[in-house]
**Q** 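This is the structure, below, for whatever I ask next.
Only heavy atoms go into these numbers, but all of them, side chains included; no hydrogens, no water, no symmetry mates.
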Protein chains: 2
Amino acid sequence: MKVTGDQALVKKINRSLVLHTIRKHSSTLSRARVSEMTGLNKATVSNLVAELCEQQLVTEVGPGKSSGGRKPLLLHFNAMAGTVIGIELRVKQLTAVLCDLGGNVLEERDHTLARHDLSYVLEAMKKVISNLMETAPDTPYGTVGIGVGVPGMVDENGIVLFAPNLGWEMVHLRQLLEEAFSVPVTIDNEANAGAQGELNFGAAKDVRHLLYISAGSGIGSGIIIGGELYKGARGYAGETGHMCIEADGRPCTCGSRGCWELYASEKTYDTAGTALPAHNTPELVRLASEGNEAARKQFAQMGKYLGIGVTNLINSFNPELIVIGGALSEARDWLAGPMQAVVAERTLPYHKQQLEITFSRLGSRGTMIGAGFAAVMHFLGHARVTL
Amino acid sequence: MKVTGDQALVKKINRSLVLHTIRKHSSTLSRARVSEMTGLNKATVSNLVAELCEQQLVTEVGPGKSSGGRKPLLLHFNAMAGTVIGIELRVKQLTAVLCDLGGNVLEERDHTLARHDLSYVLEAMKKVISNLMETAPDTPYGTVGIGVGVPGMVDENGIVLFAPNLGWEMVHLRQLLEEAFSVPVTIDNEANAGAQGELNFGAAKDVRHLLYISAGSGIGSGIIIGGELYKGARGYAGETGHMCIEADGRPCTCGSRGCWELYASEKTYDTAGTALPAHNTPELVRLASEGNEAARKQFAQMGKYLGIGVTNLINSFNPELIVIGGALSEARDWLAGPMQAVVAERTLPYHKQQLEITFSRLGSRGTMIGAGFAAVMHFLGHARVTL
DNA sequence: AAACTTTGTTTAACCAATATACAAAGTCAA
DNA sequence: TTGACTTTGTATATTGGTTAAACAAAGTTT
């Protein structure tokens, strides 16, 4: 969004800078350190901190260690100033958490979805949200936002443009939820939310260039550049599940053929037939750990194709770190080997030297937590400048 | 007297806003209209315009039509305040233009490259640049920048990380040219430059979501989202030529297999053998237009694979417009049909309704002009805020 | 010719950041 | 214990850019 510059904007930018600096290093920084880190004048920091204290977003937590002078007063990000709700919408399941502003999970809910038409899903969401809101502890700001991660493309207005696995098209989800709860709502692609989660609270803390692959009933990916979710690509970029990896492969519901997610997601179970002893990931993981050869073979095959797609993305984005998340991350023990082998074989040495591949640390909660975090960021504000 | 840091920022943002508003609507806007369009106060606009006039970047061009009051004084973006040089580096050729700040081509040069080792190419570039600088007309600012489009990955510091077709790795191109000419240099991926060119001066004016495919000796793509270049991990995104479209296809120099550009770029000529009557695009285009079946068949095949890759990108980015540029765009008559057929067959109806595919309007000059435009933007400055 | 419109400038006020000085609260060495 | 030194955090005056409002300039309309 283009904005004109005035003092209010300057203040927004600096407030944001100070607040997020304190948030990221809660209880370890003094005003003086914040001034050094941000480059802002000490007086400016003092003023902004005073304001943030009044707003109860920051508190003074007590003196720190002196290094030969007056003891610093350490500043604490008051995560309990408010709560947010983070929701992950999956094809057959709705999961939700109540978090504080620091991403700590306070409550968790789980709801099986029998159908996925809009009215049914919306009712289920409303029920879960109401329930979580009621259980929310008493905080200065109360529940300040709702974040939702959706398996599909989302535009900047919170409209679900297209979610093939749900059969949704042009759903004004943000508007619907905001009308119901009178609280700001952020809608994100499920993979983008997961990437945010891992970046801020999980396996990818402080990574600059991250590629997050969400492999579950489909495949999506969230791209972090320079430590931030690439916003312009909201909803569009990262829809990599329909990357074609076999020119004349199987037809896909997307209209194309040979899409990645036909070979490396849970969709493979549909075409695997009776040779496969189970058709869902948790069961297959159990079988594989018991030594079942068919299950292991299935995962090995999926790992190979996962690696092929990951290689494409490495060659395109050259990230520092790749995190594999989503339901399939539970099969890491059987996927990792074959995947890494393919990646090692197919990428240039140039890429390999600085690349690491890991699995999600937040596990199945990553998307919810990331979605909630988007709501936190919306509440706290996040102004910044590009020159 | 002293300019405090952050008020300077506000000014930078607003100056940029005013300047680019005038640039994009040169000779049609008055101060009052600019004030309306930007949301800035009339006084602010007046001050900034006065400053821009002093800097000779803007001039008053005369009165416009009155609508019942004082006549507006129309403002003109002074494209002749300076010149830039835009260069496209291809595998066997170096092309360059001298442009004014409005992207108008003043001079054009062409240089065949016998080899492509760095020292040889650098000498050639220096010769061409010197020559163009000498012919540059006398302008207030002179030649204010050099922009280069390179067939490879470029990082934010103007370092060519990797250009397989040139055999370059970690070339500090920006530094080398800045040292030689003492003028700011911008280095861009060739496809990104082309996308910028078409977006600002060509077939994609004012398009918000654009996908530019540069098909020549390889394939690259430039992605514009929300009217801005999606740089991905700083120059990496868009390296789509190595998107795998055949999981077990031919091995590629990139380390992977079945890469898109093995099937849809001029690289196909290498493996086509003697059945193909020629092994370069201009010759094949000539033959095809004379009715040569082998040439037409070759293009049809390439068109099909081009369509497969384009479909992947459509499903990922959902652009409004796709522009095919690069050397292969000269074969549009034989590529377009087969490509469109594949796209029509493989994309969802949802995408098709708002999608258009065209070929480059700037033709072979797109990349140069786009590269030059990057230098213009660097000179003019482009500060903005995201909230 | 008087009333109205639109354009562009002038003026005074505002406000956030800054440099600087200063107060507060500590350490350290003799 | 004292005095010199450090570091933290606050108070004050200054600065520069935006803004609202009044005003001047230059039209059109009736």
Side-chain angles (χ1 to χ4, degrees), chain A residues 2-19 21-22 27-54 58-76 381 383 385, chain B residues 1-19 21-22 28-54 58-76 381 383 385:
Chain A
K2 246 187 214 171
V3 182
T4 64
D6 58 9
Q7 278 113 333
L9 178 72
V10 169
K11 190 164 185 181
K12 242 184 234 164
I13 292 169
N14 291 340
R15 192 194 100 115
S16 181
L17 202 58
V18 170
L19 176 55
T21 303
I22 296 171
S27 302
T28 65
L29 299 182
S30 63
R31 288 167 174 80
R33 275 290 286 144
V34 173
S35 167
E36 276 175 41
M37 288 175 70
T38 59
L40 290 166
N41 187 282
K42 284 195 296 173
T44 308
V45 172
S46 259
N47 285 331
L48 291 171
V49 167
E51 199 171 286
L52 291 169
C53 285
E54 261 178 40
V58 169
T59 54
E60 291 178 341
V61 77
K65 288 232 167 145
S66 159
S67 60
R70 175 174 165 179
K71 281 184 180 172
L73 261 169
L74 298 186
L75 299 169
H76 172 75
V385 183
Chain B
M1 278 300 204
K2 258 188 206 167
V3 181
T4 58
D6 278 318
Q7 250 159 344
L9 176 71
V10 168
K11 191 165 184 182
K12 241 184 234 164
I13 292 168
N14 291 342
R15 191 193 101 115
S16 178
L17 202 57
V18 170
L19 176 55
T21 302
I22 295 171
T28 65
L29 299 182
S30 63
R31 289 166 173 79
R33 277 289 287 141
V34 173
S35 167
E36 274 176 42
M37 288 176 70
T38 59
L40 290 165
N41 187 281
K42 284 196 294 174
T44 308
V45 171
S46 261
N47 285 332
L48 291 171
V49 167
E51 197 172 297
L52 292 169
C53 285
E54 261 179 40
V58 169
T59 54
E60 290 178 342
V61 77
K65 289 232 166 145
S66 161
S67 59
R70 171 172 168 180
K71 282 183 180 170
L73 261 168
L74 298 186
L75 299 168
H76 172 75
V385 181

**Q** Give B:K42 one of three labels, base, sugar-phosphate or nothing, depending on what nucleic acid heavy atoms sit under 4.0 Å from its own.
**A**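 Base: the residue B:K42, judged by heavy atoms under 4.0 Å, touches a nucleobase.
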**Q** Is the shortest side-chain N/O distance from B:R33 to OP1 or OP2 of C:dT7 below 4.0 Å?
**A**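 No, B:R33 has no side-chain N/O under 4.0 Å of OP1/OP2 on C:dT7.
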**Q** Would a 4.5 Å heavy-atom cut-off, applied to side chains only, mark B:V10 and A:L9 as touching?
**A**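 No, every pair of side-chain atoms sits at 4.5 Å or beyond.
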**Q** Select one nucleotide: of C:dT18, D:dG17, D:dA20, the one nearest the side-chain heavy atoms of A:Q7.
**A**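 Looking only at heavy atoms from C-beta outward on A:Q7, the closest nucleotide is D:dG17.
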**Q** So does A:N14 get a side-chain nitrogen or oxygen closer than 4.0 Å to the phosphate oxygens (OP1/OP2) of C:dA17?
**A**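 Yes, A:N14 has a side-chain N/O under 4.0 Å of OP1/OP2 on C:dA17.
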**Q** Mind calculating the distance between CG (A:L48) and P (D:dT10) to the nearest angstrom?
**A**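 Going from CG in A:L48 over to P in D:dT10 covers 12 Å.
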**Q** Categorize A:N47 for me: base, sugar-phosphate, or nothing, with a 4.0 angstrom heavy-atom threshold over every strand shown.
**A**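 Nothing: the residue A:N47, judged by heavy atoms under 4.0 Å, touches no strand.
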**Q** Can you tell me how far P of C:dA17 sits from CG of A:L17, to the nearest Å?
**A**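 Taking CG of A:L17 and P of C:dA17, I get 11 Å after rounding.
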**Q** Can you measure A:L9 atom CG to C:dC14 atom C1' for me and round it to whole angstrom units?
**A**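 Rounded to the whole Å, the gap is 17 Å.
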**Q** Nearest-Å distance, CD1 (A:I13) to P (C:dA16)?
**A**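 It works out to 13 Å between those atoms.
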**Q** Report the nucleotide, chosen from C:dT7, D:dT8, C:dT18, that has the shortest atom-to-atom distance to any side-chain atom of B:P72.
**A**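 So the side chain of B:P72 is nearest to C:dT7.
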**Q** May I have the distance from A:E60 (atom CD) to D:dG9 (atom P), rounded to whole angstrom?
**A**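 Rounded to the whole Å, the gap is 8 Å.
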**Q** D:dG9 C1' sits how many Å from A:L29 CG, rounded?
**A**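 Spelled out: CG on A:L29 to C1' on D:dG9 is 15 Å.
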**Q** If you define the side chain from C-beta out and look only at heavy atoms, does anything of B:H76 sit under 4.5 Å from B:V58?
**A**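 The answer is no, as the side chains (C-beta and beyond) never meet within the 4.5 Å cut-off.
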**Q** Nearest to the side chain of A:R70, which nucleotide is it out of D:dA11, C:dG8, D:dG9?
**A**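 Given the options D:dA11, C:dG8, D:dG9, the side chain of A:R70 is closest to D:dG9.
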**Q** In whole Å, what is the span from the CG atom of B:L75 to the P atom of C:dT7?
**A**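 Spelled out: CG on B:L75 to P on C:dT7 is 12 Å.
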**Q** If you assign A:L40 and B:S46 each to the DNA chain C nucleotide with the nearest heavy atom, which residue ends up on the more 5' nucleotide?
**A**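 Nearest nucleotide further toward 5': that of B:S46.
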**Q** What contact category does A:A32 fall into here, base, sugar-phosphate, or nothing, at under 4.0 angstrom with non-hydrogen atoms?
**A**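 Since only primed, P, OP1 and OP2 atoms lie under 4.0 Å of A:A32, the category is sugar-phosphate.
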**Q** Report the distance from atom NZ of A:K65 to atom P of D:dT7, rounded to the nearest whole Å.
**A**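 Answer to the nearest Å: 17 Å.
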**Q** Base, sugar-phosphate, or nothing for B:S30, non-hydrogen atoms under 4.0 angstrom?
**A**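 Touches sugar-phosphate only.
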**Q** Considering all heavy atoms of both residues, which atom of A:L48 and which atom of A:R15 are nearest to each other, and what is their separation?
**A**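 Residues A:L48 and A:R15, closest heavy atoms: CD1-N, 3.9 Å.
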**Q** Could you measure the distance from the NZ atom of B:K12 to the CG atom of B:L17? Nearest 0.5 Å is fine.
**A**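 Atom-to-atom, B:K12:NZ and B:L17:CG are 15.0 Å apart.
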**Q** Determine: side-chain N/O of B:N41 to OP1/OP2 of D:dA20, distance under 4.0 Å, yes or no.
**A**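 It does, given that an N or O in the side chain of B:N41 lies less than 4.0 Å from OP1 or OP2 of D:dA20.
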**Q** Using OP1 and OP2 only, check whether a side-chain N or O of A:R31 sits under 4.0 Å from D:dT10.
**A**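 Answer is yes, contact under 4.0 Å.
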**Q** Give the intermediate values and the outcome of side-chain contact (heavy atoms from CB on, under 4.5 Å) for residues A:V18 and A:T21.
**A** CA-CA 5 Å; A:V18 170; A:T21 303; 5.8 Å; no
